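Note that these values count all heavy atoms, side chains included, but never hydrogens, waters or copies made by symmetry. All figures in this text were calculated on a predicted structure; none of them were measured in a lab. We name chains A, B, ... by the order of the sequence lines, and we start the count at 1 in each one.
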Protein chains: 2
Amino acid sequence: MRLTTKGRYAVTAMLDLALHSDEGPVSLADISTRQGISLSYLEQLFARLRHFKLVKSVRGPGGGYRLMSSTADISIAQVVDAVSESLDATRCEGKGNCHEGEVCLTHHLWEDLSAQIHQFLSDITLADLVARNDIQSVRARQDLRVVTMQKDESHIAVSEIL
Amino acid sequence: MRLTTKGRYAVTAMLDLALHSDEGPVSLADISTRQGISLSYLEQLFARLRHFKLVKSVRGPGGGYRLMSSTADISIAQVVDAVSESLDATRCEGKGNCHEGEVCLTHHLWEDLSAQIHQFLSDITLADLVARNDIQSVRARQDLRVVTMQKDESHIAVSEIL
DNA sequence: CCAATTCCGAGTATTTTACTCAAGTATTCA
DNA sequence: TGAATACTTGAGTAAAATACTCGGAATTGG
């Protein structure tokens, strides 16, 4: 599980797609202008999303992309996995050829942690995010919750609307 | 919150440090040979870890690095944050200059998701991992705790193993 | 002093990111 | 049918991040 801007672009695009799924196929050109992602980059991302069977394409005029399954059946983890290579920073690469017990211990711990993060993102679906989005637009921005995280010596205020 | 091999290297190194914390300062050379990470790269990583006050250094012969605080007070999120730049793939960069509501909607959703991932990793400490390492072989993974956060009509299930 | 170690900066090869450009294919509407 | 639309594919590329090398400096225990 790798988490970079690439995955973020993919999730953003998929969210945009989900938000307009009731209006027929969505063209990449539309997503491009709405989300400010270059068309060619979107093409690359959607080639992978299509390959992983998360979206299907409709060619011709009025065509575009559709979600392959319901928003409730597409997890964030799936989207991120589709566009990013699998993370591997081990020396033994799971072959267990590092006989110094120490090495495999921490490797094992990381594998475990990595699995947890993956599970975490597997439990969040596009439907979850879209549902929250619906609520957001309805009740304007009355519930402004401000969470203050302490980072280093500086305070960074993270405002999130729920 | 960005999650790449760099963060993985940092967490691995910090885990190694935690595992040998009772034997006095741990030199980067030791971590290098044990974990298969180049010495110079470790120097870069620990420069940042030191700057973020996660470790302290002891110079001279027999010197090395010590954890700044107890393993229970150092979260995985802190380690990852220390070595990686903050992820920013927005067009408006929080300035709110994207007047097409659509854009900010998905941006906000991602911010929120990102905050959740961050929170998730903030709840896991080095002590948790070290403890699991001790117990791991003994009692497998019986304590599966599932936390479900209910927010209005949308619910996001967060499963975390502790 | 001397060796071990952290510190520091410069440099660099490789990979990833994000994008551009160009050509080609399938589909639909008129 | 034909042209417009839009996906599809591939090549190429600049910028950034990654992971490392090298050389030296500062610090300190023995």
Side-chain angles (χ1 to χ4, degrees), chain A residues 1-13 17 20 23-33 35-52 54-66 68 80 82-91, chain B residues 1-13 17 20 23-33 35-52 54-68 80-91:
Chain A
M1 171 63 63
R2 175 185 286 168
L3 214 54
T4 66
T5 53
K6 194 174 190 177
R8 176 171 181 159
Y9 278 127
V11 172
T12 299
L17 190 50
H20 297 83
E23 308 162 12
V26 181
S27 74
L28 293 188
D30 286 353
I31 300 180
S32 175
T33 55
Q35 304 302 333
I37 309 172
S38 91
L39 181 58
S40 306
Y41 197 39
L42 282 175
E43 286 170 353
Q44 281 183 36
L45 297 179
F46 274 76
R48 306 206 59 160
L49 292 172
R50 196 175 77 94
H51 184 256
F52 277 70
L54 295 180
V55 298
K56 58 184 169 188
S57 63
V58 180
R59 303 176 83 142
Y65 282 93
R66 275 210 172 92
M68 194 74 162
V80 173
V83 299
S84 56
E85 315 296 331
S86 69
L87 184 148
D88 180 35
T90 63
R91 186 167 48 169
Chain B
M1 172 62 64
R2 175 185 287 171
L3 215 53
T4 65
T5 53
K6 195 173 189 177
R8 175 170 181 159
Y9 278 128
V11 171
T12 298
L17 191 50
H20 297 83
E23 308 161 11
V26 181
S27 75
L28 293 189
D30 286 353
I31 300 180
S32 174
T33 56
Q35 304 302 332
I37 309 170
S38 90
L39 180 59
S40 305
Y41 196 39
L42 282 174
E43 284 173 355
Q44 281 182 36
L45 296 179
F46 274 77
R48 307 204 60 158
L49 292 172
R50 196 175 77 93
H51 183 256
F52 277 71
L54 295 180
V55 297
K56 58 185 168 187
S57 63
V58 180
R59 301 177 82 149
Y65 282 93
R66 277 209 173 91
L67 293 179
M68 196 74 162
V80 173
D81 281 339
V83 299
S84 55
E85 312 297 329
S86 69
L87 185 148
D88 180 34
T90 64
R91 186 166 49 169

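Within the 4.0 Å cut-off from OP1 or OP2 of D/dC7, not a single side-chain nitrogen or oxygen of A/R50 is found. Of the side-chain N and O atoms in A/Y65, one or more sit less than 4.0 angstrom from OP1 or OP2 of D/dT8. For A/S57, a side-chain nitrogen or oxygen approaches OP1 or OP2 of D/dT8 to under 4.0 Å. For B/S27 and C/dA4, the shortest distance from a side-chain N or O to OP1 or OP2 is not below 4.0 Å. Considering only side-chain N and O atoms, A/S40 lies nowhere under 4.0 angstrom from the phosphate OP1 or OP2 of C/dA18.
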Worked check of side chain to side chain contact (heavy atoms under 4.5 Å, CB included) between B/K6 and B/L45: CA-CA 8 Å; B/K6 195 173 189 177; B/L45 296 179; 4.0 Å; yes
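Atom pair A/K56:NZ and C/dT27:P shows a separation of 15 Å (rounding to whole Å applied). One atom, CG of B/L3, and another, P of D/dT18, lie 11 Å apart when rounded to the nearest Å. Straight-line distance from the CZ atom of A/R2 to the C1' atom of C/dT15: 9 Å, rounded to whole Å. Between B/Y41 atom OH and C/dC7 atom P the separation is 18 Å, expressed in whole Å. Atom CG of A/L39 and atom P of D/dA6 are 11 Å apart (whole Å). What separates CD of A/Q35 from P of C/dA18 is a distance of 15 Å, to the nearest Å. Rounded to whole angstrom, the span from the CD1 atom of B/I37 across to the P atom of D/dT21 amounts to 13 Å. Following rounding to the nearest Å, A/Y9 (OH) and D/dA16 (P) show an atom-to-atom distance of 13 Å.
Counting only distance, with no hydrogens or angles, the side chain of A/R48 and the backbone of A/A82 share a donor-acceptor pair below 3.5 Å. The main-chain N or O of B/R8 is found under 3.5 Å from a side-chain atom of B/T12 such that the two form a donor-acceptor pair.
Distances from the side chain of B/T5 to the nucleotides D/dT21, C/dA3, D/dT18 place D/dT18 closest.
The aromatic rings of B/Y65 and B/F46 lie tilted to each other, with the angle between the two planes from 30° to 60°.
Residue-to-nucleotide contacts include a donor-acceptor pair under 3.5 Å from the side chain of B/E43 to the base of C/dC8. Between the side chain of B/R59 and the base of C/dT6, at least one donor-acceptor pair of N or O atoms lies under 3.5 Å.
In this structure, A/L28 reaches the sugar-phosphate backbone alone: every heavy-atom distance under 4.0 Å involves primed, P, OP1 or OP2 atoms, never a base.
Between B/R2 atom CZ and B/D81 atom CG the span is 11.5 Å, to the nearest 0.5 Å.
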